[in-house]
Amino acid sequence: MDQPHDYAISVHGLVVSFGAHLVIDNLDLDVRQGEILGIVGASGGGKSVLLRTILGLLPKRSGSIRVLGNDPDAIGIEAMRDVERRWGVLFQQGALFSALTVRQNVEFPMREYLELPDALRTEVAETKLRMVGLAHEDMEKFPAELSGGMTKRVALARSLALEPDIVFLDEPTSGLDPIAAGEFDVLIKTLQRTLGLTVFMVTHDLDSLEAVCDRIAALADGRIVAVGSMTTMLACQHPWVKAYFGGPRARAESKAVAPPPQKP
Ligand SMILES: Nc1ncnc2c1ncn2[C@@H]1O[C@H](COP(=O)(O)OP(=O)(O)OP(=O)(O)O)[C@@H](O)[C@H]1O
């Protein structure tokens, strides 16, 4: 059985609303240290709101959130800054600074949180960019000059800039073609294993869920209605989970990967 200290993130009884619009309704979720947890849910169902609330970017109405054993409500602003240094975020659109080069984008969090000599900061940024597969000649480009896949890689490098314990990924493969998405999945898995990261990944991508995630959590009706392996999802009787994992796209995917029938 999991112990509380095994969790990188613990969310209990979380309620988030915008005026009368209740988006998260008494949600419980524990993310284990060192796992890749995929969050799925309907469009507009509250996945990004959940992620942003955990990050402290949106206020909660009630409930508790602990990140790396810390309760943001209980510790001061300074202590919270130390916790923030231990996570990295890849936002849905990459959210790179358009006026900064690729290298400067990765250096940005280091400038904000670390006091490093310029040459060392540049070296660390270039190392992170090489880790995600960026070529040296791309490091002085501006975000507008990058492809979608490159933008995601740079955003991933920036999320790793402070050598975090947790990485939050909001739809990391959206907008990528299946080959680029597959390569990005492999990159996430490799980095997670190499760096021992906990990954909280919001995704619609069934391939990513299958290929990358240790566990999946399904968000419906403002709550987590199922958590576990793909097998758990396929056995879940919640109507949304059934429709999502048993729908035509999911069935087409499972046929595509199924071995050919044996000849009698
Ligand atoms: N800042 C905000 N102010 C008011 N409403 C918001 C705000 N942010 C999100 N919402 C609402 O909360 C709901 C959940 O949005 P959210 O972006 O979390 O959905 P999602 O599950 O991430 O969707 P998608 O898969 O389409 O990205 C939506 O109805 C959205 O309009």
Side-chain angles (χ1 to χ4, degrees), residues 7-18 21-73 80-81 83-96 109 151-152 155-162 164-176 184-185 188 191-192 197-206 208-209 212-227 240 244:
Y7 299 134
I9 304 166
S10 278
V11 179
H12 291 287
L14 183 67
V15 179
V16 183
S17 62
F18 299 101
H21 181 191
L22 191 61
V23 177
I24 302 291
D25 182 12
N26 202 18
L27 179 145
D28 295 322
L29 176 66
D30 291 312
V31 184
R32 296 173 183 155
Q33 301 267 9
E35 76 171 340
I36 303 185
L37 182 85
I39 308 280
V40 285
S43 263
K47 302 177 295 297
S48 298
V49 165
L50 171 62
L51 185 149
R52 287 171 180 272
T53 309
I54 294 171
L55 294 174
L57 300 173
L58 287 174
K60 56 187 165 61
R61 202 204 277 177
S62 56
S64 71
I65 297 172
R66 293 183 76 83
V67 183
L68 297 165
N70 297 282
D71 175 356
D73 290 340
M80 200 51 217
R81 252 180 92 79
V83 177
E84 285 167 9
R85 274 180 49 170
R86 296 174 62 194
W87 71 51
V89 188
L90 188 160
F91 287 105
Q92 210 167 341
Q93 307 304 335
L96 299 178
T151 303
K152 300 272 189 192
L156 184 62
R158 190 176 63 180
S159 76
L160 299 173
L162 301 175
D165 296 308
I166 307 177
V167 176
F168 293 88
L169 307 175
D170 197 354
E171 300 199 19
T173 56
S174 70
L176 301 186
F184 206 78
D185 283 342
I188 292 169
L191 289 173
Q192 182 263 342
L197 300 168
T198 300
V199 179
F200 181 101
M201 180 167 88
V202 171
T203 186
H204 284 291
D205 188 331
L206 280 161
S208 292
L209 290 170
V212 176
C213 296
D214 297 304
R215 290 192 309 153
I216 301 165
L219 173 57
D221 313 324
R223 294 172 202 181
I224 299 298
V225 293
V227 192
W240 184 85
Y244 186 81

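The first residue of the sequence shown is numbered 1, and numbering continues consecutively from there.
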Flag, side chain of [X] to backbone of [Y], donor-acceptor distance under 3.5 Å:
| X | Y | result |
| --- | --- | --- |
| Asp205 | Thr203 | no |
| Lys152 | Ser174 | yes |
| Asp214 | Ile36 | yes |
| Lys47 | Gly41 | yes |
| Arg158 | Ala95 | yes |
| Gln192 | Gly34 | yes |
| Tyr244 | His204 | yes |
| Arg215 | Leu37 | no |

Closest contact, heavy atoms only, [X] versus [Y]:
| X | Y | answer |
| --- | --- | --- |
| Asp185 | Ser208 | OD1-OG, 2.8 Å |
| Trp87 | Ile54 | CH2-O, 4.2 Å |
| Pro164 | Val167 | CG-CG2, 3.9 Å |
| Ala217 | Leu29 | CB-CD1, 4.0 Å |

Audit row: Trp240, Val40, side-chain contact (heavy atoms from CB on, under 4.5 Å) steps and yes/no: CA-CA 10 Å; Trp240 184 85; Val40 285; 4.2 Å; yes
The single option from [options] passing side chain to side chain contact (heavy atoms under 4.5 Å, CB included) against [X]:
| X | options | value |
| --- | --- | --- |
| Tyr7 | Arg32, Arg66, Glu35 | Arg32 |
| Leu14 | Leu50, Asn26, Ile224, Asp28 | Leu50 |
| Ile166 | Leu197, Val89, Val67, Val83 | Val67 |

Working to the nearest 0.5 angstrom, can you tell me the gap between [X] [atom1] and [Y] [atom2]?
| X | Y | atom1 | atom2 | answer |
| --- | --- | --- | --- | --- |
| Asp170 | Leu55 | CG | CG | 9.5 Å |
| Ile24 | Phe18 | CD1 | CZ | 8.5 Å |
| Ile65 | Asn70 | CD1 | CG | 13.0 Å |
| Ser10 | Asp30 | OG | CG | 4.0 Å |
| Leu58 | Ser48 | CG | OG | 9.5 Å |
| Met201 | Leu90 | CE | CG | 11.0 Å |

Geometric class of the Phe168/Phe200 ring pair [parallel <30°, tilted 30-60°, perpendicular >60°]: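 Judged by the thresholds at 30° and 60°, the geometry between Phe200 and Phe168 is tilted.
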Are any non-hydrogen side-chain atoms of Leu219 and Leu27 less than 4.5 angstrom apart?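 When only atoms from C-beta onward are counted, Leu27 and Leu219 do touch, with a gap below 4.5 Å.
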Could you tell me if the side chain of Asp165 sits less than 4.5 Å from the side chain of Thr198, heavy atoms only?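 No. Closest side-chain heavy atoms not under 4.5 Å.
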Passing candidate, salt bridge (Lys or Arg N to Asp or Glu O under 4.0 Å) with Asp25, options Lys60, Arg61, Arg223: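 In the set Lys60, Arg61, Arg223, the residue that makes a salt bridge (Lys or Arg N to Asp or Glu O under 4.0 Å) with Asp25 is Arg223.
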side-chain contact (heavy atoms from CB on, under 4.5 Å) between Leu57 and Leu51, worked out: CA-CA 9 Å; Leu57 300 173; Leu51 185 149; over 6 Å; no
